[in-house]
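Reading through the structure tokens given below for one structure.
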Number of protein chains: 2
Amino acid sequence: MLSANPLLTQFQKTRSLSQAETAALSKVPLRRVALRPEEPMVRAGDHTTSCILVLDGMLATSKVDGAGRRQITAIHIAGDFPDLMSLHLDLADSDIRAVAKAEVASINHDHLRRLALDHPNLAAKLWRTVLVDAAISREWVLNLGQRESMTRMAHVLCEILLRMQVAGLANGNTCRMPLTQVNLSEVTGMSLVHVNRVLQQLRRKDLITLAKGQLDVLNWAGLVKVGDFSAEYLHIVKH
Amino acid sequence: MLSANPLLTQFQKTRSLSQAETAALSKVPLRRVALRPEEPMVRAGDHTTSCILVLDGMLATSKVDGAGRRQITAIHIAGDFPDLMSLHLDLADSDIRAVAKAEVASINHDHLRRLALDHPNLAAKLWRTVLVDAAISREWVLNLGQRESMTRMAHVLCEILLRMQVAGLANGNTCRMPLTQVNLSEVTGMSLVHVNRVLQQLRRKDLITLAKGQLDVLNWAGLVKVGDFSAEYLHIVKH
DNA sequence: CGTGGCCTTGACAGGAGTCAAGTATGGTGG
DNA sequence: CCACCATACTTGACTCCTGTCAAGGCCACG
């Protein structure tokens, strides 16, 4: 099938669809948008009328505090819907921007609402992704609040690799990882200098390789242990 | 009306309801549960078949890391639905327990699902609360990741007072605040000792009074400033 | 009146931030 | 093809915020 609707493709990944669902999904119009590195897709305060589906690359949701310090509150890879919340919340409370070059599909709210009303199973799947994102957010609160820096960093790397694997975007224990050390400092709440030192500790322990936008986990069990990582919070469904 | 259905009461707070909606809400059976301090209502790993509506007191959602350190990821006051996520996620990923004495209503999943399917406006309201909780969670990530300890603490206190006010549970700038300093350390990711020192700084600046389970914000503007607080993330609707 | 929970205080150590400088790396234009 | 520049990464020195340890005080309750 030539250039299938990526929305349809995404839904097919987790569940077999009825004829009606497939038809409805195919009919949803998408607007493809290419993003350059750092380019914002949504800004805090925006009133949006469409949702995003990530097609390629990586985006990050972030907030900035009064002193101008930025915190990344979520990262999004291909297949993620970073701002489904805009369906029910009037104003965006965070920025969403590309980490590196990325491509997204913009889906009109009205079309998504129609889809959700007509097809409860598709609505349920959408809501499930919102809830998983919320679960990830809670785990990040734990990560930032309680875990020491090396554990915190290892945990983040575990999550990234595992999510990439589940999305079919990893090659064994290797995946693209476009976050710079500055970005990682915005994820982990540590200073850039400390990020650098912690990464070197992880390298020295032969747990990871991380260079040129590529992450290679040399010792998954070891990284999981150092990172106090346990995947339940990702609510991954096996099939 | 004698002892109205608290679920109905909660929904009436934000929107006037249709006859059908009122009738449907009135018919939903609730099971009232009284909780003693620290008593868990949900545990991580549980498969639940009902949701919670907080009727009185305060609950907290928390996670524990591998070293046994507990992080509170959300606090819930009367009118909140702490675990709507259980409607679509099989297993709980966090504990939910009473902070002090509390009372909750337990609502069967099936009844809520029926309600949501039959009354899209009620479903939308429920989802909106889920999304606001997620927005709060993102703000907490920012708070934990970027803000220094005094700002962090002030921010938490601002959020608590404002939410209590919106819920009609405050008396001017005073409200019940059953979180102990240990609890506040679990919220802010700081040590108990440091919580104590930071609270004293806030008191010395004549910003707050906090004792015997009661918070009094003496200088709201001042606390907002110290706490880098801005309420947008709570998505409060005026009416 | 004793006991436990909660709060307070002091001393000390160390993890992590900041400042500052220097080293790759990769893209661009002359 | 090479010089140049921007971006990203690395390293060292120093400071200080915050955690830990330890002890003690204050209440409420049985």
Side-chain angles (χ1 to χ4, degrees), chain A residues 36-39 58 60 65 67-72 98-101 143-154 156-157 176-204 208-216 226, chain B residues 36-39 58 60 65 67-72 97-101 143-154 156-157 176-204 208-215 226:
Chain A
R36 337 189 97 254
E38 297 291 308
E39 186 175 347
M58 184 183 277
D65 75 3
R69 295 171 51 107
R70 171 181 286 127
Q71 173 71 39
I72 292 178
V99 169
K101 205 163 50 146
N143 206 30
L144 287 164
Q146 301 298 336
R147 297 199 178 102
E148 60 186 20
S149 58
M150 194 160 72
T151 304
R152 193 147 85 230
M153 177 64 73
V156 167
L157 296 178
R176 296 242 70 223
M177 223 300 283
L179 295 169
T180 65
Q181 291 187 7
V182 169
N183 291 328
L184 285 172
S185 81
E186 295 166 343
V187 169
T188 57
M190 317 177 344
S191 69
L192 165 61
V193 172
H194 204 56
V195 165
N196 186 285
R197 289 196 263 246
V198 167
L199 285 176
Q200 287 182 59
Q201 287 183 70
L202 293 175
R203 285 192 267 249
R204 218 171 302 125
I208 65 163
T209 284
L210 178 57
K212 300 172 198 273
Q214 176 154 317
L215 169 66
D216 193 349
V226 169
Chain B
R36 335 190 98 255
E38 298 290 307
E39 185 175 348
M58 185 181 277
D65 75 3
R69 294 172 53 109
R70 172 182 285 127
Q71 173 71 39
I72 291 178
R97 63 192 215 290
V99 169
K101 205 165 50 148
N143 206 30
L144 287 164
Q146 301 299 336
R147 298 200 178 100
E148 59 186 21
S149 59
M150 196 161 70
T151 304
R152 192 146 85 229
M153 178 64 74
V156 167
L157 297 178
R176 296 243 69 223
M177 222 301 283
L179 294 170
T180 65
Q181 291 188 7
V182 169
N183 291 328
L184 285 172
S185 81
E186 294 166 342
V187 169
T188 58
M190 314 173 353
S191 70
L192 165 60
V193 171
H194 204 56
V195 165
N196 186 285
R197 290 195 266 244
V198 167
L199 286 176
Q200 286 182 60
Q201 288 184 70
L202 293 174
R203 284 192 268 250
R204 219 171 300 125
I208 65 163
T209 284
L210 177 57
K212 299 173 198 272
Q214 177 154 313
L215 169 67
V226 169

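Just so it is clear: chains get the letters A, B, ... in the order the sequence lines come, proteins before strands, and each one is counted from 1.
- Contact annotation: the side chain of A:Leu184 never approaches that of A:Val198 to less than 4.5 Å [non-hydrogen atoms, C-beta and beyond].
- The residue among B:Glu148 and A:Gln181 whose nearest nucleotide of DNA chain D is located toward the 5' end is A:Gln181.
- Here the side chains of B:Asp65 and A:Glu148 are not in contact, with every heavy-atom distance at 4.5 Å or above.
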Determine, for nucleotides 19-30 of chain D in 5'-to-3' order, which nucleotides have protein heavy atoms under 4.0 Å from the base (write B), from only the sugar-phosphate (write S), or from neither (write -).
BBB------S--

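- For the pair B:Asn196 and B:Leu199, the minimum side-chain heavy-atom distance is 4.5 Å or more.
- A 4.5 Å side-chain heavy-atom check between B:Val195 and B:Val182 finds every atom pair outside the cut-off.
- Taking atom CE of residue B:Met150 and atom P of nucleotide D:dC16, one finds them 17 Å apart after rounding to whole Å.
- Remark: the backbone N or O of A:Leu210 is paired with a side-chain donor or acceptor of A:Arg203 at under 3.5 angstrom.
- Between B:Leu144 atom CG and D:dT18 atom C1' there is a gap of 15 Å when expressed in whole angstrom units.
- With B:Arg176 contributing its side chain and B:Gly213 its backbone, the two residues share a donor-acceptor pair below 3.5 Å.
- Computed from coordinates, the A:Asn183 CG to D:dA8 C1' distance equals 11 Å when rounded to whole Å.
- Taking a heavy-atom distance under 4.0 Å as the criterion, the stretch of DNA chain C touched by chain A extends 5' to 3' from C:dA16 to C:dG26.
- Although no hydrogens or angles enter the test, the distance criterion places a donor-acceptor pair under 3.5 Å between the side chain of A:Gln71 and the main chain of A:Val187.
- No donor-acceptor pair closer than 3.5 Å links the side chain of B:Glu38 to the backbone N or O of B:Ala100.
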